[in-house]
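Contents: one structure, followed by commentary.
Side chains are part of it too, since the values below use all heavy atoms of this structure and drop only hydrogens, waters and symmetry mates. Residue numbers begin at 1 in each chain, while the letters A, B, ... track the order of the sequences.
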Protein chains: 2
Amino acid sequence: MSKGKILIADDEQDILDIISYNLKNEGFEIFTATNGVSAIELAKQISPDLIILDIMMPLKNGIDVCKFLRSNSNFKNTIIVFLTAMNDENFEVKGLQSGADDYITKPVSTRVLISKVNALFRRIKNEEKEILVAGDLIIDRKKYIVTASGKDISLPKKEFELLSLLASSPGKVFLRNDILEKIWGTDVIVGDRTIDVHIRKIRQKIDMDCISTVKGVGYKFEL
Amino acid sequence: MSKGKILIADDEQDILDIISYNLKNEGFEIFTATNGVSAIELAKQISPDLIILDIMMPLKNGIDVCKFLRSNSNFKNTIIVFLTAMNDENFEVKGLQSGADDYITKPVSTRVLISKVNALFRRIKNEEKEILVAGDLIIDRKKYIVTASGKDISLPKKEFELLSLLASSPGKVFLRNDILEKIWGTDVIVGDRTIDVHIRKIRQKIDMDCISTVKGVGYKFEL
DNA sequence: AACAGGTATTACCAAATTGTTATAATTACT
DNA sequence: AGTAATTATAACAATTTGGTAATACCTGTT
């Protein structure tokens, strides 16, 4: 059984080859596309676990592909990451805003690539884990209890869920919309500042510096 | 009676010592092995409830040990977890694929270790136990009798079942829905306040402070 | 039919949680 | 540096939730 299906889209054949080769060696099942349109086609057919998208591609660029996929509920649980050139600072934000989970900067070493991919796959499993551990923080989803530096902290439901969500994918930036959808649901409408306030309360209660703000995008949990 | 048998296999004596010490303190019965082969031998002899395996060990590595044990029906219900070094991204996935239930990253803090192990044990601690003991409370499911601080308390059916359910996984928060489903069944529809009232009666009768409310979530039994 | 034990419902109250608003602080951009 | 956009904060308001006690309902028994 393969470790998972990965779709890679890039217009440079060399890059496609290198990445494919290495990830195949790691035991992943690899599919490739050389432009945005065929990336989408292929994605629909094979339902990959992870999609690696180059930004600049013919027919449809990576960001548009990502937006399209994200708007399709079939890909709600698909991990999408971008391949970006080192210098393009902007794409990082744009990429994250379009709903990507992470990005990888080109050129990328084999080792980094592999460990990133493995880390991303690990995330899938984390979301349903009973106990999340991050540094000094233990989040016990069964007991509904958070332990920070040995002290039990009881968070009310919303705060707990929010922290739990963020901590389920350390490093991943969660868009405000995603957070709203996952914690509040689609039908409930709450004001703009609601998330901030909850984030603040969490930061206050567990006094660790582990939730950081990514302006214009969202929040992420880290270390 | 010990809280359970744990076999720890690691080639570094230091780690063995630290983990053993802490888990013994927690009331577990500890056995150790320093290589894969003797881990298997020992496992056969003592039938541990939980096996903690280092990946890199002499003679037979942790993954192979795990695969072997999993192929043996005697160990179908044994919990197997890996100890992995932080940087070994690969092994986590491979480990889980080989049939392990979880993994613990090295170095691990005492606190994390203990809560993980306890959580794992909670998994096997069946909800079908005949007699539940929690502190001063004895719940005899066959006789339908609860004894608190030596005094017998007779609870009516629903109250008994409710207490019995909560006490079957101390610490775990039971959602109202779960409770309704397990005690009342899916087809019966009862009002919103029903659970509360029963909880109240239980609290009243056994006068201990052992059922706590997690607002918006449910109830849990503790100490 | 009246009773009794167990179970469910209701309505009201208190309290915790959650959401909003207005204002300050920060950041990003020109 | 100045401006606009975004986020942080604190105080407040609204809502939800659970606790409580009294009451009604069932089912089987006498």
- [ ] For residues B/Pro156 and B/His198, determine if any side-chain heavy atom of one lies less than 4.5 Å from a side-chain heavy atom of the other.
- [x] no

- [ ] Taking only the side-chain nitrogens and oxygens of B/Trp184, find out if one of them lies under 4.0 Å from OP1 or OP2 of C/dA8.
- [x] yes

Open item on the list: Taking B/Ile195's backbone N and O only, do any of them form a donor-acceptor pair with B/Arg176's side chain (distance below 3.5 Å, no angle check)?
Closed with: no

- [ ] Could you tell me the separation between the CZ atom of B/Arg200 and the P atom of C/dG6, rounded to a whole number of Å?
- [x] 16 Å

Task: Between C1' of D/dT7 and CD1 of A/Ile211, the distance in whole Å - done: 14 Å

TODO: Can you tell me the distance, in whole Å, between the NE2 atom of A/His198 and the C1' atom of C/dT17?
DONE: 8 Å

Open item on the list: Can you confirm whether the side chains of B/Glu181 and B/Asn177 place a donor and an acceptor under 3.5 Å from each other?
Closed with: no

Task: A/Lys24 to A/Phe28 six-membered ring, cation-pi geometry met (6.0 Å, 45°) - done: no

- [ ] Specify the residue among A/Ile189 and A/Lys205 whose closest nucleotide of DNA chain C lies further upstream toward the 5′ end.
- [x] A/Lys205

Open item on the list: Taking the nucleotide of DNA chain D with the nearest heavy atom to each, does B/Ile199 or A/Gly216 sit closer to the 5' end?
Closed with: A/Gly216

- [ ] Could you say whether A/Pro156 or B/Pro156 is positioned toward the 5' end of DNA chain C, judged by the nucleotide with the nearest heavy atom to each?
- [x] B/Pro156

TODO: Using only heavy-atom distances, determine whether the side chains of A/Thr34 and A/Asp11 contain a donor-acceptor pair under 3.5 Å.
DONE: no

Task: Nearest-nucleotide pick for B/Lys158, side chain only, options being C/dG19, C/dG6, C/dA8 - done: C/dA8

- [ ] Could you check how far CZ of B/Arg193 sits from C1' of D/dT17, rounded to whole Å?
- [x] 7 Å

TODO: Figure out the CG/C1' separation between A/Asp196 and C/dT18, and round it to whole Å.
DONE: 14 Å

Task: Side-chain N,O (B/Thr213) to OP1/OP2 (D/dT17) below 4.0 Å - done: no

Task: Integer-rounded Å distance: C/dG6 C1' and B/Ile202 CD1 - done: 14 Å

Task: A/Ser164 and A/Arg141 side chains, donor-acceptor separation under 3.5 Å - done: yes

TODO: With the side chain of B/Arg176 defined as its heavy atoms from C-beta on, choose the nearest nucleotide among D/dG18, C/dG19, D/dG19.
DONE: D/dG18

Open item on the list: With a cut-off of less than 4.0 Å, is there a side-chain N or O of B/Thr194 near OP1 or OP2 of C/dT9?
Closed with: yes

Open item on the list: For C/dT27, does the base pair up with any side-chain atom of A/Lys215 as donor and acceptor (N or O, under 3.5 Å, distance only)?
Closed with: yes

Open item on the list: Using five base pairs at each end to define the local axes, how bent is the helix from C/dA1-D/dT30 to C/dT30-D/dA1, to the nearest 10°?
Closed with: 30°

- [ ] Report yes or no: does A/Lys5 contribute a side-chain atom to a donor-acceptor pair with the main-chain N or O of A/Ile46 at less than 3.5 Å?
- [x] yes

- [ ] Inspect the contact between A/Asp101 and A/Arg70 and indicate whether a charged nitrogen and a carboxylate oxygen are less than 4.0 angstrom apart.
- [x] yes

TODO: Take the protein atom CG of B/Asp192 and the nucleotide atom C1' of C/dC12, then report the distance between them rounded to whole Å.
DONE: 15 Å

Open item on the list: Measure NZ/B/Lys157 against P/C/dT7 and give the value in whole Å, please.
Closed with: 7 Å

TODO: May I ask you to evaluate whether A/Tyr219 reaches the phosphate of D/dT6, defined as a side-chain N or O under 4.0 Å from OP1 or OP2?
DONE: no

